[in-house]
Amino acid sequence: MVFRSRIATLLFSMLATLAAVYVAGRLWQDAQNRVYLIKELDRITGQGQSAISVDDTLRIITCREQLKKLTALETELAAAKQEGFSSKHLKGTDRADSRRKPLVVIGILTTFGHKNNRDAIRKAWMGSGMTLKKTENEKGIVTRFVIGRSASRGDNLDRGIDGENKQNNDFIILDDHVEAVQELPKKAKLFFAYAADKWDAEFYAKVNDDIYVNIDTLGATLATHLNNPRVYIGCMKSGEVFSEPSHKWYEPDWWKFGDKKSYFRHASGDMYVLSKALAKFISINRSVLRTYAHDDVSVGSWFIGLDVKHVDESKFCCSSWSSGGICAGV
């Protein structure tokens, strides 16, 4: 009986060792694959090329996020070991991380001559100074006005924005973008690319500068979508495509939308939200993403062929304020 027991123990140990080696090998192989994909992306983009598939782009974004999470877990584990696996220490680390990682970055697209709009937004819901910082630190909501430069670089318009930003420190100034009505779609693209590169947030939102936002309701709504890696949230619509050059909403590429001339489904431009993976996708592919006459149509077009969850959320319909609504136009 003792002899049989020793044999069983030996066999069990061998099987356990083999299983451990197998698991370690698979983990190592997955890690090598992730590193390879990321290096390939860096190599291609570094050479100014864009010959990489959409699936590969999304896969690389996912791999990068997994590597970040793995690094964070390894850091927490090392800290926990030093503290004797203290649960109190781990909870404290979680709170610190939540302050550093924003839930959403809101870009309010504004332009020259709209200072009254910006001041009204600061007073109504965005805040300024310490109030703005408190919203960032406690609620994880970063809000900035987004504007480009004047066609006559360095003129009174540019100096006015620089002075306003020096006073309030609440602008994203796109130095490589010239302010113009017809350039709004490109401006939205540059905002998402800039914000995704600067802040590691869960979501990124675009808002017009005549919209009031309920910050608390926005945060609560977005929290319900944290498990959706590729989500596009807004007041979804289609709308007519106008082919007459004299029309306010004229679309130069109207002929691309078929005989009925209706846009594909997209979120209304007053306010819409993209998850982190989609903002990263825009950042990586900014040089090849096509823009149309309107920013909301342009953004919607980029996700037509992707595996993206479109969320038609009535709370994002800003035409009129409603109970439980997130936004309202003024």
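Predicted, not measured: the structure shown is a model, and the values here were computed from it.
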* **Considering all heavy atoms, the nearest Trp199-Pro102 contact** => CD1-CG, 4.2 Å
* Side-chain donor or acceptor of Glu313 paired with backbone N/O of Lys315 under 3.5 Å -> yes
* Asked: Less than 6.0 Å separating the ring centroids of Tyr250 and Phe242?
  -> no
* Residue that, paired with Ser150, satisfies side chain to side chain donor-acceptor pair (under 3.5 Å) out of Asp155, Asn156, Asp158 -> Asp155
* **Flag, side chain of Asp296 to backbone of Gly269, donor-acceptor distance under 3.5 Å** => yes
* Asked: So how far is it from Leu218 CG to Cys327 SG, rounded to the nearest 0.5 Å?
  -> 9.0 Å
* **Contacts of type salt bridge (charged side-chain N to carboxylate O under 4.0 Å, His left out), residue Lys206, not counting sequence neighbours** => Asp295
* Structure fact -> All heavy atoms of Glu179 vs all of Gly148, minimum pair found to be OE2-N, 2.7 Å
* Asked: Does Arg290 count as lying over the ring of Tyr292, i.e. NZ or CZ under 6.0 Å from the six-ring centre, within 45 degrees of the axis?
  -> yes
* Structure fact -> Here the gap from Lys187 atom NZ to Leu109 atom CG, rounded to the nearest 0.5 Å, amounts to 4.5 Å
* Apply side-chain contact (heavy atoms from CB on, under 4.5 Å) to Leu103 and Leu226, showing your working. => CA-CA 9 Å; Leu103 172 66; Leu226 286 172; 4.0 Å; yes
* **Note, Asp162 side chain near Ile173 side chain (heavy atom, < 4.5 Å)** => yes
* How far apart are the C-alpha atoms of Leu132 and Arg144, what are their side-chain angles, what is the distance that settles it, and do they pass the side-chain contact (heavy atoms from CB on, under 4.5 Å) test? -> CA-CA 10 Å; Leu132 184 64; Arg144 295 289 187 274; 4.1 Å; yes
* Do Val146 and Tyr194 come within less than 4.5 Å of each other through their side chains, counting heavy atoms only? -> no
* To do: Starting at NE2 of His177, measure out to CD of Glu183 and round the result to the nearest 0.5 Å.
  => 6.0 Å
* Flag the pair Trp302 / Asn285 as yes when at least one side-chain heavy-atom distance between them is below 4.5 Å, and no otherwise. => no
* Donor + acceptor pair across side chains of Asp197, Ser283 (<3.5 Å) -> yes
* Return each pair, listed once, that meets salt bridge (charged side-chain N to carboxylate O under 4.0 Å, His left out) where at least one residue sits in residues 114-130; pairs must be two or more places apart or across chains. => Lys115-Asp119, Arg118-Glu164, Asp119-Arg122, Arg122-Glu164, Arg122-Asp170
* Could you tell me the separation between the OG atom of Ser275 and the CG atom of Asn227, rounded to the nearest 0.5 Å? => 12.0 Å
* Asked: With side chains defined as the heavy atoms from C-beta onward, is the minimum distance between Leu222 and Glu202 less than 4.5 Å?
  -> no
* What heavy-atom pair brings Leu278 and Val231 nearest, and what distance separates the two atoms? -> CD1-O, 3.4 Å
* Return the orientation label for the His310 and Tyr232 ring planes: parallel under 30°, perpendicular over 60°, tilted otherwise. => perpendicular
* To do: For the pair Leu274 and Phe281, evaluate side-chain contact (heavy atoms from CB on, under 4.5 Å) and give the outcome as yes or no after the intermediate values.
  => CA-CA 10 Å; Leu274 311 180; Phe281 174 81; over 6 Å; no
* Asked: What distance separates Asn228 CG from Phe203 CZ, expressed to the nearest 0.5 Å?
  -> 7.5 Å
* Using a strict 4.0 Å threshold on nitrogen-to-oxygen distance, state whether Lys280 and Asp200 make a salt bridge. => no
* Between Arg153 (side chain) and Val178 (backbone), is there a donor-acceptor pair under 3.5 Å? -> no
* Judged by atom type as modelled, is there a donor-acceptor pair below 3.5 Å linking the side chain of Arg149 to the main-chain atoms of Leu174? -> no
* Under 3.5 Å: donor-acceptor pair, side chain of Lys189, backbone of Leu289 -> yes
* Nearest heavy-atom pair of Cys318 and Met271: which atoms, and what distance? -> SG-CB, 4.1 Å
* Indicate yes or no for a side-chain donor-acceptor contact from Arg230 to the backbone of Asp307 under 3.5 Å, with no hydrogens or angles considered. => yes
* Give a yes or no on whether the backbone of His266 and the side-chain of Tyr272 come within a donor-acceptor separation of less than 3.5 Å. => no
* **Non-neighbouring partners of Thr217 that pass side-chain hydrogen bond (donor to acceptor under 3.5 Å, both in side chains), sequence neighbours left out** => Asn214
* Asked: From Ile108 CD1 over to Asn117 CG, what is the distance, rounded to the nearest 0.5 angstrom?
  -> 10.5 Å
* **side-chain contact (heavy atoms from CB on, under 4.5 Å) evaluation trace for Ile215 with Lys139** => CA-CA 9 Å; Ile215 290 291; Lys139 298 183 179 181; 4.2 Å; yes
* Asked: Can you tell if the side chain of Phe303 reaches within under 4.5 Å of the side chain of Ile282, non-hydrogen atoms only?
  -> yes
